[in-house]
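Read through the structure below, which is laid out as structure tokens, and then see the notes.
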Amino acid sequence: MKKNTSVFTFSLLLIFAILACNLPGLQSAEPTTASSPATPMMAVSSPTPEDLATATETPSPTPELPTPTLAISHSLIPSTIVKPGNLVRDVVSVDTASEKRAPYGDSYDINRLERPFLQDMTYVADLDIVSFNLAYDEKFFYVSIELVGTDPNNDMGIDYGVELDINADGFGDMIIIARPPYSVDWSTDNVQILEDTNRDTSGLSAEKAEAPMPGDGYDTVIFNGGRGEGDDPDLAWVRVNAGNKATVQFAFKKSFAGTKFMYGVIADGGMRSIADLDYVDRFTIEEAGSPVRDQKNYPLKALYAVDNVCREVFGFTGTEQEPQRCTPIR
């Protein structure tokens, strides 16, 4: 009897031990060799109303304007053969480019900029103006810019322009500005004409730099590639690589410019802000820097990658003392 009781007791204990191994919460804490270690969870806090109020989104890039799908109908196209007019030469920096300097010609006080360099004084031949000239036929004036370089479509993006001073007072009245990409064929697509309606392209005086002066430069678009409201589609054109003396060439109607004016040209791959012309009235020489090594403000700083010229006269003799006028050749 005692033996049977012992066997029964042993059986009950064995059954309880087997059941205990399968009870929840009593599994082994050690993973099996086939299990991967658990990845730690990162604590995530819910945003507060204050967080949401101050959150900002990264702005999306400004979408580009769609390319016009309809061709402009032109009734008057400039000539493809243009003989150069009298050349007006500019200072070039190609011979001193390896020394990271302009030889001379950057006369900041009188708005002569010889800065075909980046801020680190890397030379850009496609900015360096060699000469400019004006020619004309029955319908158009042609202003040609000769550059040291041969690629107006330089990857940096260079604007070229013609400034017109209609009353010869040294203040620019209008600018014909062209932006890349450029074609070897005459095109109006990337050409604008802007007017200075409040006479502030040259600060208080057209004869000297007066920065810092407020102003909005050329402020009003009067021709927008032939697609603007009221545009004469044949008014102003540009093409490139038209000849040795015409790396960039503009054409504009004679009826637009009149018979007497002063004109100059500009190559701009830096600021490219016609609202800030004249640059010498917006930046002090200390801010702008200098490309001439023996000047205390060398090297270039805020104002770089730009080359302009003196202004030549057309249709009149004048006093020869007009502000920004080229020195007459005797």
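Residue numbers start at 1 and run along the sequence shown. The shown structure was predicted, so the numbers you read here are calculated from the model rather than taken from an experiment.
- Considering every non-hydrogen atom in both A305 and L118, the closest pair reads CB-CD2, 4.5 Å.
- In terms of modelled atom types and a separation under 3.5 Å, the side chain of N297 and the main chain of S290 share no donor-acceptor contact.
- Through direct or indirect side-chain contacts shorter than 4.5 Å among Ile, Leu, Val, Met, Phe, Trp and Tyr, I285 is connected to Y108, L113, I175, I177, L194, Y218, V221, I266, M271, I274, L277, Y279, V280, F283, L303, V306.
- Judged by distance alone, the side chain of D281 and the main-chain N or O of A209 form no donor-acceptor pair under 3.5 Å.
- Side chain of R112 to backbone of I110: a donor-acceptor contact under 3.5 angstrom is found.
- Using a distance-only test at 3.5 Å, with no hydrogens or angles considered, a donor-acceptor pair links the side chain of N308 to the main chain of N111.
- Distance check, rounded to the nearest 0.5 Å: NZ of K260 to CG of N167 gives 12.5 Å.
- Side-chain contact between K139 and K253 is absent, with no heavy-atom pair separated by less than 4.5 Å.
- P291 has its side chain out of reach of Y298: every pair of non-hydrogen atoms, C-beta onward, lies at least 4.5 Å apart.
- Among the candidates W186, F250, F252, the single residue satisfying the side chain to side chain contact (heavy atoms under 4.5 Å, CB included) test with W237 is W186.
- A donor-acceptor contact closer than 3.5 angstrom is absent between the side chains of N224 and D231.
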Give every donor-acceptor pair under 3.5 Å between a side-chain atom in residues 72-79 and any protein atom, sequence neighbours left out.
residue: H74; atom: ND1; partner: P233; partner atom: O; Å: 3.1
residue: H74; atom: ND1; partner: D234; partner atom: OD1; Å: 2.8
residue: S75; atom: OG; partner: D234; partner atom: OD2; Å: 2.9
residue: S79; atom: OG; partner: I81; partner atom: N; Å: 3.1
residue: S79; atom: OG; partner: I81; partner atom: O; Å: 3.0

Going through the checks in order, is the side-chain contact (heavy atoms from CB on, under 4.5 Å) test met by N86 and N133?
CA-CA 6 Å; N86 293 326; N133 71 87; 6.0 Å; no
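- Within the 4.5 Å cutoff, no side-chain heavy atoms of Y160 are placed close to those of V265.
- Residue-environment remark: CG (D120) exceeds the threshold of 12 foreign heavy atoms within 6.0 Å.
- Counting only distance, with no hydrogens or angles, the side chain of T201 and the backbone of G172 share a donor-acceptor pair below 3.5 Å.
- How far CG of D169 is from OG of S202: 8.0 Å, rounded to the nearest 0.5 Å.
- Although no hydrogens or angles enter the test, the distance criterion places no donor-acceptor pair under 3.5 Å between the side chain of R239 and the main chain of S187.
- Residues F256 and F223 place their aromatic rings such that the two centres sit no closer than 6.0 Å.
- Taken to the nearest 0.5 Å, the CD1 atom of I176 stands 5.0 Å off from the CG atom of L164.
- Ring geometry for F140 versus Y142: interplanar angle of 30 to 60°, hence tilted.
- Between I166 and M174 the shortest heavy-atom distance is CG1-CE, 3.7 Å.
- V92 and V292 fall into different hydrophobic clusters, where Ile, Leu, Val, Met, Phe, Trp and Tyr residues are linked whenever their side-chain heavy atoms come under 4.5 Å apart, directly or through other members.
- Under the 4.5 Å side-chain criterion, counting only non-hydrogen atoms from C-beta, F141 is not in contact with Y263.
- V82 and V88 sit in two unconnected hydrophobic clusters of ILVMFWY residues. Membership requires side-chain heavy atoms under 4.5 Å apart, directly or through other members.
- The number of heavy atoms from other shown groups lying within 6.0 Å of NZ (K208) does not exceed 12.
- Residues K301 and E287 form no side-chain contact, since every pair of their non-hydrogen atoms from C-beta on lies 4.5 Å or further apart.
- Looking at L134 and F314, their side chains come closer than 4.5 Å, going by heavy atoms from C-beta outward.
- Inter-residue side-chain proximity for R311 and Q324 is flagged as met; some heavy-atom pair is nearer than 4.5 Å.
- Hydrophobic clustering (ILVMFWY, side-chain heavy atoms < 4.5 Å, transitive): M121 and V94 are in one cluster.
- Within the 3.5 Å criterion, the main-chain N or O of T317 finds no donor-acceptor partner in the side chain of E320.
- In plain terms, the two heavy atoms of T284 and P212 that are nearest each other are CG2-CD, 4.0 Å.
- A donor-acceptor pair under 3.5 Å links the side-chain atoms of D165 to the main chain of G170, judged by distance alone.
- Annotation: side chain of F316 is in contact with side chain of M262 (closest heavy-atom distance under 4.5 Å).
- No chain of hydrophobic side-chain contacts below 4.5 Å, direct or via other Ile, Leu, Val, Met, Phe, Trp or Tyr residues, connects V143 to V313.
- For Q249 and S144, the side-chain atoms include at least one donor-acceptor pair closer than 3.5 Å.
- In this structure, CG on D196 lies 10.0 Å from CD on E163, to the nearest 0.5 angstrom.
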Scan the side chains in residues 145-152 for donor-acceptor partners under 3.5 Å anywhere in the protein, sequence neighbours excluded, and list what turns up.
residue: E146; atom: OE1; partner: S131; partner atom: OG; Å: 2.5
residue: D151; atom: OD1; partner: N153; partner atom: N; Å: 3.1

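- Other residues, nucleotides and ligands place more than 12 heavy atoms under 6.0 Å from the CG atom of D294.
- Without hydrogens or angle criteria, D216 side chain to D219 main chain gives no donor-acceptor distance under 3.5 Å.
- Every pair passing disulfide (SG to SG under 2.5 Å) that includes a residue from residues 202-315 is listed here, sequence neighbours excluded: C310-C326.
- Ion pair D106/R115 flagged as a salt bridge, since at least one NZ, NE, NH1 or NH2 atom sits closer than 4.0 Å to an Asp/Glu carboxylate oxygen.
- Separation of atoms CD (E114) and CG (L127) is listed at 10.0 Å; rounding is to 0.5 Å.
- Pairing each heavy atom of V91 with each of D128, the nearest pair is O-OD1, 3.8 Å.
- Salt-bridge check for K254 with D137: failed, with every basic side-chain N at 4.0 Å or more from each acidic carboxylate O.
- Screening residues 170-184 for side-chain hydrogen bond (donor to acceptor under 3.5 Å, both in side chains) gives R179-Q192 as the qualifying pairs, with residues at least two apart or on separate chains.
- Between F117 and A97, the closest heavy-atom pair is CE2-CA, 4.4 Å.
- When the side chain to side chain contact (heavy atoms under 4.5 Å, CB included) test is applied to Y304, the partners found at least two apart in sequence or on another chain are Q119, L300.
- Looking only at distances, a side-chain donor or acceptor of E210 sits under 3.5 Å from a matching main-chain atom of L204.
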